[in-house]
There are 2 protein chains.
Amino acid sequence: MSTRVSIDRKKEIIEGFYELSKVNGIENTSIAKIGKHLGMPPSLIMHYFPTRDILISNLISFILKRMLRIYTPIIKELRVQNYTDPVTFVDRLFSRDWNLLIDDGVFYGCFSLIFRNETIKREFRNLHLKLRENLKEILDQDEKLNQKDTALLSEQIFVVVEGAYYYLSMIEDEEMYEDKVQIFKNQVYQLLKP
Amino acid sequence: MSTRVSIDRKKEIIEGFYELSKVNGIENTSIAKIGKHLGMPPSLIMHYFPTRDILISNLISFILKRMLRIYTPIIKELRVQNYTDPVTFVDRLFSRDWNLLIDDGVFYGCFSLIFRNETIKREFRNLHLKLRENLKEILDQDEKLNQKDTALLSEQIFVVVEGAYYYLSMIEDEEMYEDKVQIFKNQVYQLLKP
DNA sequence: TTTAAAGTTGAATGATCATTCAATATTATG
DNA sequence: CATAATATTGAATGATCATTCAACTTTAAA
């Protein structure tokens with residue numbers, strides 16, 4: 001069905017789309033621009049992605065897959081150590097690894113599409129349910145938390161993390177940024193207290 | 001400088017822009033479409049808003065002004081009663097008044113612009129600083145909280161509220177939605193405990 | 001009432017858009 | 001090697017875009 005070439009091309013196109021979206025926003029990244037950026041005619045892009053909507057929904061899958069990756073290093077660690085201090089991965093949640101993993105502008109640009117596209121909304125919902133499940137699994141490894149409702153806890157932790165990401169993305173002042181991060185980290189540590 | 005007519009026209013145009021953006025998204029709401037919607041030539045819109053960017057930045061001001069309004073009824077109450085149970089306005093924060101006040105799709109669509117526009121970012125930041133200040137003032141009215149750092153508390157409350165709004169906007173199932181709301185409300189009540 | 005300013009119209013601009021298509025080149029298959 | 005499938009090209013489509021402009025109408029000021 002899908003050849004090596006077609007798989008590579010699709011990947012190349014989506015990555016080009018993503019790169020240009022970082023600079024111009026998704027809404028200003030046309031098929032023609034992607035083509036010029038990659039040195040291919042727009043018709044080739046449409047050969048692999050028949051409509052712009054399909055192209056966008058592939059970009060979203062690409063982004064959501066990336067986001068899930070924040071957990072893979074932590075989960076690997078857990079396999080080896082059989083124990084990880086929750087504080088360690090809370091730190092990781094607040095670290096700038098996420099910003100490195102995926103551009104905030106592109107991410108929120110995609111997110112804003114959920115309100116007019118049911119499929120995109122479902123994809124985002126699934127990602128977030130997965131993120132919470134993963135966090136729950138990690139919390140379950142910690143004996144100190146075995147009295148706690150870890151499902152509830154992971155909801156509570158994530159709502160702080162996500163609120164923090166939203167709010168922090170407006171803060172320019174470096175010092176203020178660090179202050180706020182500390183506040184929100186403490187807020188999560190408080191939740192983790194036995 | 002600005003006549004009655006020009007003030008009314010500008011308002012009419014921005015509101016038309018907002019209405020169409022609810023349905024199509026900002027990125028798909030052109031000046032021509034706004035004109036058709038309001039029964040006026042696009043050139044008239046450009047007479048009042050010389051560029052599309054100016055039009056967008058006016059839409060954003062319009063939206064942010066609206067958001068601040070969630071507090072005015074609460075603050076009015078406080079003036080009369082000289083006391084309001086914080087639980088009451090936490091409820092209000094989580095109520096659907098906000099969704100009524102401003103469409104989530106338009107809101108997040110505007111928000112995603114902060115990443116490529118410094119002015120818009122500043123406007124959003126100012127709104128959120130104001131929201132937190134307002135909440136602090138309300139918390140300060142409550143004697144039960146006079147041992148607490150109300151500035152810190154308002155940060156912590158809002159980060160939950162904003163994370164919740166983000167997350168809840170993906171949830172379709174009504175029952176699940178109510179469950180989550182209750183979780184996040186409890187999380188805030190916990191913060192308010194003396 | 002004259003005149004200036006502000007408001008409004010509609011047609012025209014060139015740029016860019018997503019998408020289509022037929023033609024050509026490359027690769028895989030039998 | 002032949003042939004079918006896949007990959008790629010480049011030109012052309014009509015729609016829509018933000019913006020410009022000159023002409024016209026209404027309102028305000030003097």
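Each chain gets a letter, A, B and so on, in the order its sequence line appears, and its residues count up from 1. Atoms considered below: every heavy atom in the structure, side chains included; atoms not considered: hydrogens, waters and symmetry mates.
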Quiz item: Could A:Glu12 and A:Arg9 be called an ion pair, given the rule that one side-chain N must be under 4.0 Å from one carboxylate O?
Solution: yes

Practice problem: Grab the NE2-P distance between B:His47 and D:dA22 for me, whole Å please. | Solution: 15 Å

Quiz item: Is any side-chain nitrogen or oxygen of A:Tyr48 closer than 4.0 Å to OP1 or OP2 of D:dT8?
Solution: yes

Quiz item: Given that B:Asn28 and B:Val5 both sit by DNA chain D, which one's nearest nucleotide is further toward the 5' end?
Solution: B:Asn28

Practice problem: Quick one: label A:Ser30 by what it contacts on the DNA or RNA (base, sugar-phosphate, nothing), any heavy atom closer than 4.0 Å. | Solution: sugar-phosphate

Exercise. Give me the one residue out of A:Tyr165, A:Phe111, A:Phe158 that meets ring pair (Phe, Tyr, Trp, His ring centres under 6.0 Å) with B:Tyr166.
Key: A:Phe111

Quiz item: Tell me: CZ of B:Phe17 to C1' of D:dC17, nearest whole Å?
Solution: 13 Å

Practice problem: Could you work out which one of D:dC17, D:dT19, C:dT19 sits closest to the side chain of B:Thr51? | Solution: D:dT19

Quiz item: So which nucleotide from C:dT20, C:dA18, D:dT19 ends up closest to the side chain of A:Arg52?
Solution: C:dA18

Quiz item: With the threshold set at 4.0 Å, does a side-chain nitrogen-carboxylate oxygen contact exist between A:Lys22 and A:Glu19?
Solution: yes

Self-check item: Check against ring-ring contact (aromatic ring centres under 6.0 Å, His included), A:Phe94 and A:Phe184
Solution: CA-CA 9 Å; A:Phe94 280 100; A:Phe184 304 136; 7.1 Å; no

Practice problem: In whole angstrom, give the distance that lies between atom CG of A:Leu55 and atom P of C:dT19. | Solution: 9 Å

Exercise. Looking only at side-chain atoms of A:Ser43, point me to the closest of D:dG10, C:dT19, D:dT6.
Key: D:dG10

Quiz item: Given D:dA18, D:dG10, C:dT8, which nucleotide is nearest the side-chain atoms of B:Arg9?
Solution: C:dT8

Practice problem: Return the value, rounded to whole Å, for the distance between atom CE of A:Met46 and atom C1' of D:dG10. | Solution: 16 Å

Practice problem: Take the protein atom CG of B:Leu38 and the nucleotide atom C1' of C:dT9, then report the distance between them rounded to whole Å. | Solution: 16 Å

Quiz item: Considering only side-chain heavy atoms of A:Met40, which listed nucleotide, C:dG10, C:dT8, D:dT9, is closest?
Solution: D:dT9

